[in-house]
Structures are given as structure tokens and as C-alpha cells.
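This one's a predicted model, so the numbers in the text were calculated from it and none came from an experiment. Each chain gets a letter, A, B and so on, in the order its sequence line appears, and its residues count up from 1.
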Number of protein chains: 2
Amino acid sequence: MTSGFFSKHRPTILYGISLALLLFLLKWLELRFLIINHVIEIYVGAIAVIFTGLGIWLAMKLMKPKVETVIVEKEVHVFSDGSFTFNAQEAHILGLSKRELEVLQLIAEGMSNQEIATRLFVSLNTIKTHSSRLFEKMEVKSRMQAMEKGKRLGLIP
Amino acid sequence: MTSGFFSKHRPTILYGISLALLLFLLKWLELRFLIINHVIEIYVGAIAVIFTGLGIWLAMKLMKPKVETVIVEKEVHVFSDGSFTFNAQEAHILGLSKRELEVLQLIAEGMSNQEIATRLFVSLNTIKTHSSRLFEKMEVKSRMQAMEKGKRLGLIP
DNA sequence: GCCAAAATCACCCGAAAGTATGAATAGGAT
DNA sequence: ATCCTATTCATACTTTCGGGTGATTTTGGC
């Protein structure tokens, strides 16, 4: 069927193809002339584009990054549970010493003064002194309240 | 003296001036030819410089300023975890009575036996009995450990 | 009504916790 | 060098806690 159609209209098809090729050639030549006639403009345009890019690259490479400082006040809800992060600021405000914090931690683990003393290789009296000063600074009256407040303030897990 | 010198050497001077002018003209023509001969290069160079500048300007104008966000954490201490769900099953397993749970809660708030007794309108001895039975059932030896275990088991917030 | 569990209270005792005071030593800041 | 703080320890005393025993009353289920 296809070959029959082709053999019947062979001259027409050939003519059509020739015409199309000619038109294509003409268009191509036109484009060539266009390019040749405007080669300077195209060259300059390319240069412009390239050097604009270079300028941008240079600016990005050499320019100090503009830093805009935004201060955001973020409210942090501190829960007694969950992931624990030590609140050094609060500890500093209360004026707790390293040793006092250590004692507070062991108190919060439910250890007795005697156990804490043994753990830290000091005498019972020392732990009593530490805990007393701890309660003073934390403004509490017992180890239970110290534990409560300590957890609330993020001093202990 | 100057006028005598000038009148004496007038031809020489004129010749010198003429020569100088001619040389100057030649140099100027040379420069002109140089410019004319390299007008394309100069044009392209100018374009390059201009568009490099444009690129830099563009980059400066359009570049997003690097935003440095400083987050100041404002701490909000939350007393009780809002998502506390009482573990009734655990309480039943341990066989804790209503009153014992009440005492446990107040113990966990850091109250002394005397304070708890006053709060619940009962005598100190009663609270002692309750807490003793509580410690037995919870298999702990002190109110501190009861608080610890109670929080772990979801008996108290 | 009866029984068991829960809740209440009392007394005593030893251990632990907490208070008060004093003091020695070490390390850091002025 | 001097002062201050942290750390250590001691002694003495008071209060609180925890355990043991016993008793009475209330409550809820059978």
C-alpha cells in the first residue's frame, strides 16, 4: 500500500522534498548572513554576558558576606523529664560550687548522706556541711525540696 | 638679552618649532591610527569593564544578605509536664491505696511528714504509718527513693 | 450483720538529717 | 603578700524520718 502510493506520486514527492530542502538552505543561508552581518554585536553581547558573570563571581568571591544579625528571643520550656541539658547559668546565679552540685546530684539519686560521703571519699560531716550550704543557697529546707527545685531549674536530670 | 638671542636665531627656532609640531602631529596621527586600528579591542575592553562592573553591582544588589540568627534562649520553667498520665495499672500492681498515693504525691512535692499531716487534716503518726506502708509496698527505704521510683513508674508527675 | 481492708492514732527507739560553730588547708584573685 | 573562697573535718545539739507494735474506727463487699 505504501509502495503503491510512493510509486504513483513519486514526482510530486520528489518535488516537495526538493522544495523543502531549498527553503531550508535559504533559511540557513539567511541565518549565516545574519550571523556574519551581526558578528560584532554577537561578540560584544557574548563579552558582555561573560564579563557580567565574571563580575558577579568576583563580587561573590571577594565581597565580605553581608551579615545581618537577627536576635530572636526563644522561649524554652524546661521540663523535668526528657533530654537533660545542664543549666550552668542557673547554677552560677545560685553560686553553687562544683562540690555542692556533685552532692546535689547524689542527693537527687536518693542516696543518704553516709552513702554520699563514702562515694566521694570524705567524711559524713563534710557532706552535712555541703548539703547545709547547698540548702542555704537554694533557699530550701530539706533534701527533698532541693531535689524538686534542682530538677525544675535544670541543675539535675 | 632674550630678544637679541631670539632675533639672532629666528630661523633655527622656527625650524625647531616646526619640527616639533610635525613630530607632535605625527605622534598624534600614530595614536589616532592606533586607536582606529584597535577600536574593536578598545570597545570590547570597555564593554568588558562596564559589564564586569554591572555584574558586581548586580551581585551586590541581588545577593541575599547572610542572615546570622542569634537565638537568645529565654527559659520558661514548666512545673508539671502537661502530658502526664497516671499509671493506674502500676499502682494496682503495687497494691497502693488511695491515701498512700496521696501521701506519695505530697512526699514528691518535698513536703515533710508534718506538713503532709497538716494538709490532710490527720495526725503526724498517721502519715508515718502511711509512708511506712508505702515504702514497704514500693520496696524502697526512704522517701527520696519513693519519689524516684514513683516518677519512673508514672505514679506521680 | 460480718469480715477484711483501709484509715486513723499513739508510743517508743534508733538512725538519719539538719543546724550551729569553729577551724585547718589549698588555690586563685588582687 | 594578702584576702577570699572552696573544701575539708570536728563536735554538739535538735529535728525529722523510718520502723515496730498495738489499737480503734471507718468503709465497702458478701
ask   = With no hydrogens and no angle check, is any side-chain donor or acceptor of Gln145(B) less than 3.5 Å from a backbone partner on Lys141(B)?
value = yes

key: Nearest-0.5 Å distance that lies between atom CD1 in Ile127(A) and atom CE in Met111(A)   =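 Answer for the CD1-CE pair, Ile127(A) versus Met111(A), is 9.5 Å.
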
query = Would you call Lys151(A) and Glu148(B) a salt bridge, taking side-chain N to carboxylate O under 4.0 Å as the test?
reply =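 Between Glu148(B) and Lys151(A) there is a salt bridge, with a charged N closer than 4.0 Å to a carboxylate O.
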
key: Arg99(B)/Glu102(B) salt bridge by N-O under 4.0 Å criterion   =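 Salt bridge: yes.
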
message = We want to know whether Ser97(B) and Glu100(B) form a side-chain donor-acceptor pair, criterion being a heavy-atom distance below 3.5 angstrom.
response = yes

Side-chain donor-acceptor contact under 3.5 Å, Thr126(B) with Thr129(B) =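 Thr129(B) and Thr126(B) do not have a side-chain donor-acceptor pair below 3.5 Å.
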
Length of the line joining [X]:[atom1] and [N]:[atom2], which is rounded to integer Å:
X	N	atom1	atom2	answer
Leu134(A)	dT8(D)	CG	P	14 Å
Gln145(A)	dG18(C)	CD	C1'	12 Å
Arg133(A)	dT21(C)	CZ	C1'	12 Å
Leu94(B)	dA6(C)	CG	P	13 Å
Leu120(B)	dA6(C)	CG	P	18 Å
His92(A)	dT5(D)	NE2	C1'	13 Å
Ile127(A)	dA17(C)	CD1	C1'	13 Å
Lys98(A)	dG27(C)	NZ	P	12 Å

message = Does a side-chain N or O of His130(B) approach OP1 or OP2 of dA7(C) to a distance below 4.0 Å, or not?
response = no

request  = If a protein heavy atom is under 4.0 Å from the base, mark B; if only from the sugar-phosphate, S; if neither, -; do that for nucleotides 9-30 of chain D going 5' to 3'.
outcome  = BBB-----SBB-----------

